[in-house]
Amino acid sequence: MPELPEVEIVRRALEEQVVDKTIESVDIYYPNIIRTPSDVEEFKWLIAGQTIRSIGRKGKYLLLYMDQVTLVSHLRMEGKYIFTEQNQTSFDKHIHLVFRFTDKSLLQYRDVRKFGTMDLLPQGKEQSFMPLKKLGQEPIDPDFDQQRFKNRVQSKTVPIKQILLNQEIVSGLGNIYVDETLALSKIHPLRTGNSLTDQELDQIITAMKQMLEKAIEDGGSTIRSYESFYGKGSMQDHLAVYGRTGQSCLFCGASIEKIKVGGRGTHYCPVC
DNA sequence: CACGAGTCCTGCAGGC
DNA sequence: TGCCTGCAGGACTCGT
């Protein structure tokens, strides 16, 4: 499941593959992927003729900047982009959208769970697009405001696990990297925000950063069906707790436990 | 305001 | 063998 590092890998791939290409048309096989505009025909009409100028990323959102519009794409669980040079007319059943470029190359969007979303907004309007506007800073942002982060966490009464998953507090972390961050910081996922000391939050900040930077370097994690453009990342081989229920902790040897926190599967070492 | 629960969707695991 | 149930998960909406 793509989190910040995986989305960053996709961003880099798209940057190499589709920048400067002009969209001739879009085939849509599953319209529910498109949220904005609500009329799919309008989506097709607005995007036709647009040239992709650059690829950005904010948290787990991909931004495809074009001449008059910006496409905001969220891959959610299993969304992925597949670029092919040659023309094609039939696709596997999980391809829900195909961008056809004027040079006959294609960009296919594949999403088994159909959870991904796309919003096409007028150029510049993506700034005020709600989910993006409310997004918290990324831990790897050089301007990351540590004090503000600490204050917001300490004002909350819910478990730290849920707080780190809240994209409005800090963006880019998903279930895997939150569990890993807490394991690395040696902080129990059920500890509430207001119970954490400044020092413990410093550990969390350091761990988040380290985690994400290493994951990007490793080409992302390949969990379940997720694969990046350039094949598989290797980060999954370095996970300390995620998906290791019952296996022994890398730090102390105790058996990794799995519980539910805020409705999410949560892995941790009961000793560390 | 803050939080919990329900929703979307499909492949896969487990039970019988 | 094959059906049925439940689970996974990000972010949004709705209800308390």
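As the structure is a prediction and not an experimental result, all values here were calculated from the model. Each chain gets a letter, A, B and so on, in the order its sequence line appears, and its residues count up from 1.
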Whole angstroms only, please: what is the [atom1]-[atom2] distance between [X] and [N]?
X        : N      : atom1 : atom2 : result
A:Leu75  : C:dG10 : CG    : P     : 13 Å
A:Asp111 : C:dA8  : CG    : P     : 19 Å
A:Asp179 : C:dG9  : CG    : P     : 9 Å
A:Leu165 : B:dC3  : CG    : P     : 14 Å
A:Tyr29  : B:dT10 : OH    : P     : 18 Å
A:Phe115 : C:dA8  : CZ    : P     : 13 Å
A:Leu135 : C:dC12 : CG    : P     : 9 Å
A:Arg35  : C:dG10 : CZ    : P     : 15 Å

(request) Among the candidates C:dA11, B:dG11, C:dG9, find the nucleotide nearest to the side-chain atoms of A:Val112. (result)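 That would be B:dG11.
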(request) Could you please name the option among C:dA8, C:dG10, B:dG4 that lies closest to any side-chain atom of A:Lys258? (result)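 Selected nucleotide: C:dA8.
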Can a side chain N or O of [X] be found less than 4.0 Å away from OP1 or OP2 on [N]?
X        : N      : result
A:Tyr30  : B:dC9  : yes
A:Tyr242 : C:dG9  : yes
A:His74  : C:dC12 : no
A:Lys114 : C:dG10 : no
A:Gln162 : B:dG4  : yes
A:Arg113 : C:dA8  : no
A:Lys60  : C:dA11 : yes
A:Lys93  : B:dT10 : no
A:Lys260 : C:dC7  : no
A:Thr157 : B:dC3  : yes
A:Asn32  : B:dC9  : yes
A:Gln167 : C:dG10 : no

(message) For the aromatic rings, using the six-membered ring if either is Trp, is the centroid distance between A:His267 and A:Tyr242 under 6.0 Å?
(response) yes
Please tell me if the side chains of [X] and [Y] come closer than 4.5 Å, counting only heavy atoms from C-beta onward.
X        : Y        : answer
A:Met118 : A:Tyr109 : yes
A:Leu4   : A:Val7   : no
A:Ile52  : A:Thr22  : no
A:Pro159 : A:Pro189 : no

(request) With side-chain hydrogen bond (donor to acceptor under 3.5 Å, both in side chains) as the test, would you mind laying out the steps for A:Lys133 and A:Ser128 before giving the verdict? (result) CA-CA 5 Å; A:Lys133 194 181 176 186; A:Ser128 52; over 6 Å; no
